[in-house]
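Counting convention: from 1, in listed order, for ligands and their atoms alike.
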Amino acid sequence: MKIVTVVGARPQLIKAAAVSKALRARHREILVHTGQHYDEGMSGRFFAELGLPEPDLNLGVGSGPHGRQTALMLQGIEELLLAERPDWLLVYGDTNSTIAGALAAAKLHVPVAHVEAGLRSFNRRMPEEINRVLTDHVSTLLFCPTDAAVANLAREGIVRGVIRTGDVMCDTLDAMRPAIARDTTVQDLGLVPGEFVVATIHRAENTDDPARLRAILDGLGATGLPVLFPVHPRTARLLDAVPVPANVRRCEPLGYVPMMALVSAARVVVTDSGGLQKEAVWLSTPCVTVRDETEWVETVTSGWNVLAGADAGRIASAVAGFVAAAPSLTSVSSLGGASAQIIGALEDLHAGAGSP
Ligand code: UD1
């Protein structure tokens, strides 16, 4: 099979790492990087760190308003698909790179396979929610990481081609566990395992509203614990205008292995990232999510994740609650093995050359 994979943002490099390696063992993959994330800290370093092959094509679209960014991607991906005529287009998650890849392929009748299909926040003000819904509705194969995702698709009338696979981010984490165990970043930063918080903030809903960003930082301040805050470039520009509490230590975005080592050693993670909510739970670290809803409802129902919105008091008390009593370890189930299932499903459908 010939497969075009489209990635563009940091979390997609982490998701593609596990699948690309397995895919290339038996098939031809053409890896397209849209260039949505473009600097060393958000993109470049992850290729070497995760053993992801260098992109065959980098569209270099960079930053910009949603329409322009997505349009440039669409144009570049369409040209490649016309030249290559692949058997599948593979996309991940919910970014502008995801919808651009899916839309370009669907219009050319190249079947789309969507990894992390079916996730919903039910908040259509999130650009990611628009990207997810539209991508799912033009996909031929929809790989769902959770039962809730399968149910979400069924409610929208999508039942054909839906496969519950587990989670590719779990595959990447499992592959990197030995490197994470060897990592010395916690000690290098002078942090005491079990006695600090790791925080990340980058969602538009939190960074576009200074009142929300300020409330989250106030909540981190009120935890009274040392907080390490690797700052996403979108957020960095706003921090001059918002006071950062003294216990909150900023740093540049980190690589995957150091970040996972920090999450593993932290007492609590505070985040608005989708991926980190899951990674925290898989690494047995409780999570406080600074959003009003989550796509990863299982992390909340398991007791490992609490939604605190952008409310300083709720954030501080949720962290204090986890410091007082960590959840029991038995409630976390393994979701590994997704990459092999995804490749198997692509092969099966290609061999049958039929519809799912
Ligand atoms: C994007 C995704 C989001 C994902 C996130 C992970 C969309 C709509 N959003 O959000 O789903 O969770 O990536 O990080 O696709 N920037 C840099 N260097 C970079 C990348 C970005 O400086 O390498 C800055 C740019 O100024 C840019 C801003 O960050 O304007 C935001 O980047 P953008 O690609 O628009 O989306 P993210 O906020 O990263």
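When non-hydrogen atoms are compared, ligand 1 lies under 4.0 Å from the backbone of Arg234 as well as from its side chain. If you look at Pro11 next to ligand 1, the close heavy atoms, those under 4.0 Å, all belong to the side chain.
For atom 2 (C) of ligand 1, the nearest protein heavy atom (residue, atom name, distance) is Thr95 CG2, 3.8 Å. Nearest protein heavy-atom contact of atom 24 (C) of ligand 1 is Pro233 CB, 3.6 Å. With hydrogens left out, the protein atom closest to atom 26 (O) of ligand 1 is Arg237 NH1, 2.6 Å, a heavy atom.
Heavy-atom proximity to Ser63, at under 4.0 Å, picks out these atoms of ligand 1: 25 (C), 26 (O), 27 (C), 30 (O). Remark: ligand 1 atoms within the under-4.0 Å shell around heavy atoms of Ala9 are 13 (O). Set against the non-hydrogen atoms of Asp39, the atoms of ligand 1 under 4.0 Å away are 17 (C), 18 (N), 19 (C), 22 (O), 23 (O). Each of the following atoms of ligand 1 lies closer than 4.0 Å to a heavy atom of Glu128: 3 (C), 9 (N), 11 (O). Atoms of ligand 1 lying under 4.0 Å from at least one heavy atom of His202, given by number and element, are 4 (C), 5 (C), 6 (C), 12 (O). Numbered from 1 in the order shown, with element, the atoms of ligand 1 that lie under 4.0 Å from a heavy atom of Asp94 read 11 (O). Close contacts of ligand 1 with Gln69, meaning ligand atoms under 4.0 Å from a residue heavy atom, involve 34 (O).
In terms of polar-atom proximity, His37 is counted as a contact of ligand 1, with an N or O under 3.5 Å from an N or O of the ligand. At a 3.5 angstrom cut-off on N or O pairs, Gln36 counts as close to ligand 1. Any N or O atom pair closer than 3.5 Å counts here, and Tyr38 shares at least one such pair with ligand 1.
Other residues, nucleotides and ligands place no more than 12 heavy atoms under 6.0 Å from the CZ atom of Arg124. More than 12 heavy atoms of other residues, nucleotides or ligands shown are found within 6.0 angstrom of NZ on Lys2. Under a cut-off of 6.0 angstrom, the local environment of CZ in Arg177 is crowded, with over 12 non-hydrogen atoms contributed by other residues, nucleotides or ligands.
Distance check, rounded to the nearest 0.5 Å: CD1 of Ile3 to CD of Glu84 gives 12.5 Å.
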Side-chain donor-acceptor distances from residues 209-225 under 3.5 Å, at least two apart:
residue	atom	partner	partner atom	Å
Asp209	OD1	Ala211	N	3.0
Arg212	NE	Glu205	O	3.4
Arg212	NE	Asn206	OD1	2.8
Arg212	NH1	Asp292	OD2	3.3
Arg212	NH2	Asn206	OD1	3.2
Thr223	OG1	Leu220	O	2.7
Thr223	OG1	Leu225	N	3.3

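Heavy-atom separations between Ser43 and ligand 1 are all 4.0 Å or longer.
By the 30° and 60° cut-offs, the orientation of the rings of His232 relative to His202 is parallel.
Under the 4.0 Å criterion applied to side-chain N and carboxylate O atoms, Asp94 and Lys15 are not assigned as salt-bridge partners. A salt bridge links Arg203 and Glu128; the closest N-O separation between the charged side-chain nitrogens and carboxylate oxygens is under 4.0 Å.
Side-chain contact annotation: Ser97 with Tyr92, donor-acceptor N/O pair under 3.5 Å absent.
Every residue meeting the side-chain hydrogen bond (donor to acceptor under 3.5 Å, both in side chains) condition with Glu295, not counting sequence neighbours, appears here in chain and number order: Arg132, Arg291.
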